[in-house]
Amino acid sequence: MKYQRIKGTIDILPSETGKWIYLEEIIRNVMARFNYKEIRVPIFEPIELFARDASESTYVVNKEMYTFTDMGGRSVALRPEGTPSVVRAFIEESLGNKAPLTKVFYIGPMFRHEKPQKGRQRQFHQFGAEALGSADPRIDAEIIAISVQVLKDCGIDQFEVALNSVATPSVRAKHREKLLEFVRPLASQFPEVDREKIDRNPLRLFDSKLELTRQLLQGAPLLEQFYDDEVRRDFDIVKETLTRLGIPYASDPRLVRGLDYYTRTAFEIRSSLLGAQDSLSGGGRYDLLVEELGGDPTPAVGFAAGMERTLIVMEAVGKSDYSEKPLDIFIIAESAAERTQALLLTKQLRDSGKTVDLDYLGRSQKAQMKEASRQNARFVLFAFADDIPGGRFQCKNLSTGEQQKLPIDEITSLIA
RNA sequence: GUGGGUGUAGCUCAGUUGGUUAGAGCGUCAGGUUGUGGCCCUGAAGGUCGUGGGUUCGAGACCCAUCAUCCACCCCA
């Protein structure tokens with residue numbers, strides 16, 4: 001084979017686009033109900049938008065981004081996530097001055113150079129929502145509610161909402177200090193794979209899958225022990241609002257975020273129906289990002305969800321009852337005169353809004369009938385030469401087998 | 001970056017301890033006479049056995065390398 005897909009990409013074939021469209025319709029419907037408007041931003045941006053400083057996380061970001069230099073010598077990256085682009089647009093287009101609160105959503109492809117595995121590709125698709133301009137913890141709950149609602153509307157209820165507050169940078173700094181004091185003396189006891197995390201990002205230790213690491217962390221200082229009153233109050237309001245909204249959640253002190261601009265609410269929705277990559281969506285508050293990207297300080301909260309993973313779970317729970325519009329009519333014709341007539345009938349029916357197809361392969365009548373069946377056509381219309389002068393054609397209902405001879409306009413209304 | 005599994009027809013897979021012309025089901029195509037699908041029957045097309053080396057009288061089977069893919073680790077904005 002001469003050409004093949006780049007590793008980590010997939011072809012979404014015609015036989016599969018139906019479920020994608022179904023999912024997208026659900027997403028748009030939910031977003032409309034919550035009054036979020038769609039925003040469409042570029043899929044490539046200046047590299048600095050995604051990798052701004054020399055922090056450890058930025059190193060990871062850099063390593064896994066698809067980048068290139070364009071003909072103007074600019075360093076460009078295929079977006080690894082949606083939020084920075086939305087915030088960039090928010091600032092660049094002064095959306096904050098046009099309305100006090102901006103509620104937007106997006107759907108589209110993202111790119112990360114990672115090793116593929118279940119639920120992880122190099123080009124993948126996310127949908128997400130961002131609310132910029134409100135510091136009210138109740139809107140954090142709304143963001144979570146949206147993510148949950150999409151899953152519910154997809155027929156998915158096998159998921160868990162994990163919730164945490166990552167507080168503020170100053171709170172995290174205090175905690176980090178105490179955590180290191182606790183962990184450093186134990187450093188040599190940690191499993192090799194976790195040992196390096198101690199200096200790089202000690203919070204990630206809590207994430208470890210290794211039992212030994214978990215045991216060593218017994219009694220380690222937790223972030224919540226350092227919450228100030230405001231952080232605690234906001235977190236309580238989020239939890240209380242979720243409860244009022246009937247959204248079950250589980251507090252998860254181990255839920256962490258790598259970047260500094262994240263504040264307060266952090267959440268993740270996971271499903272056991274996925275593999276090792278079990279996160280369906282994640283999000284939270286990022287009150288410091290707008291300012292970091294050069295805008296006026298603006299509180300903001302949002303989430304992003306993986307569409308491939310959502311589809312994996314939908315299929316696992318057997319929710320694949322999305323129905324594509326069936327073919328209304330397949331027109332059958334053999335001789336040249338019949339095929340010419342069929343073309344005219346096709347045009348008339350299509351003009352009246354019907355979904356119509358016919359044979360272009362010179363196949364036999366039998367083959368055309370089979371094709372009509374395969375296409376799940378509702379009706380078959382015979383363009384028999386004998387019927388052309390009379391303008392009335394045999395029309396057969398393929399599910400009942402009933403057949404009658406009708407003029408074209410009656411066929412149109414019959415099928416309506 | 002690390003580890004394991006898998007690469008045989010368009011798809012899902014069989015292929016005995018290495019032994020002649022590589023199989024099945026599904027799908028595709030053509031028929032089953034007199035202008036009508038689904039089911040059924042008959043037939044056909046379709047494979048450099050991922051690729052390149054090696055061992056052997058002989059390799060789809062064994063060895064090495066390489067590529068692809070899946071899953072996990074790492075990472076996860």
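Every chain is numbered from 1, with letters handed out A, B, ... down the list of sequences.
Within 3.5 Å, no donor on the side chain of A/Arg112 pairs with an acceptor on the base of B/rC76, nor the reverse. Between the side chain of A/Lys115 and the base of B/rU2, at least one donor-acceptor pair of N or O atoms lies under 3.5 Å. One cannot find a donor-acceptor pair under 3.5 Å joining the base of B/rC29 and the side-chain atoms of A/Arg363. Counting distance only, with no hydrogens placed and no angle test, the side-chain atoms of A/Ser373 and the base atoms of B/rG38 include no donor-acceptor pair under 3.5 Å.
Taking only side-chain atoms of A/Gln117, from C-beta outward, the nucleotide of B/rC74, B/rG37, B/rC75 with the closest atom is B/rC74. Considering only the side chain of A/Lys7, B/rU69 comes nearest among B/rA30, B/rU69, B/rG38. Taking every side-chain heavy atom of A/Arg374 into account, B/rU28 is the closest of B/rU28, B/rC74, B/rC71.
In this structure, A/Met110 atom CE and B/rC76 atom P are separated by 19 Å, rounded to whole Å. Going from atom CD of A/Gln365 over to atom P of B/rG37 covers 8 Å, rounded to whole Å.
In this structure, A/Phe303 and A/Phe127 have perpendicular ring planes: the angle between them is above 60°, well past the 30° mark.
Taking a pair as Watson-Crick or G-U wobble with both distances under 3.5 Å, the runs of three or more consecutive pairs in RNA chain B are B:1-7 with B:67-73, B:10-13 with B:23-26, B:28-32 with B:40-44, B:50-54 with B:62-66.
Side chain of A/Arg40 to backbone of A/Tyr106: no donor-acceptor contact under 3.5 angstrom is found.
There is a side-chain donor-acceptor pair under 3.5 Å between A/Ser85 and A/Glu45.
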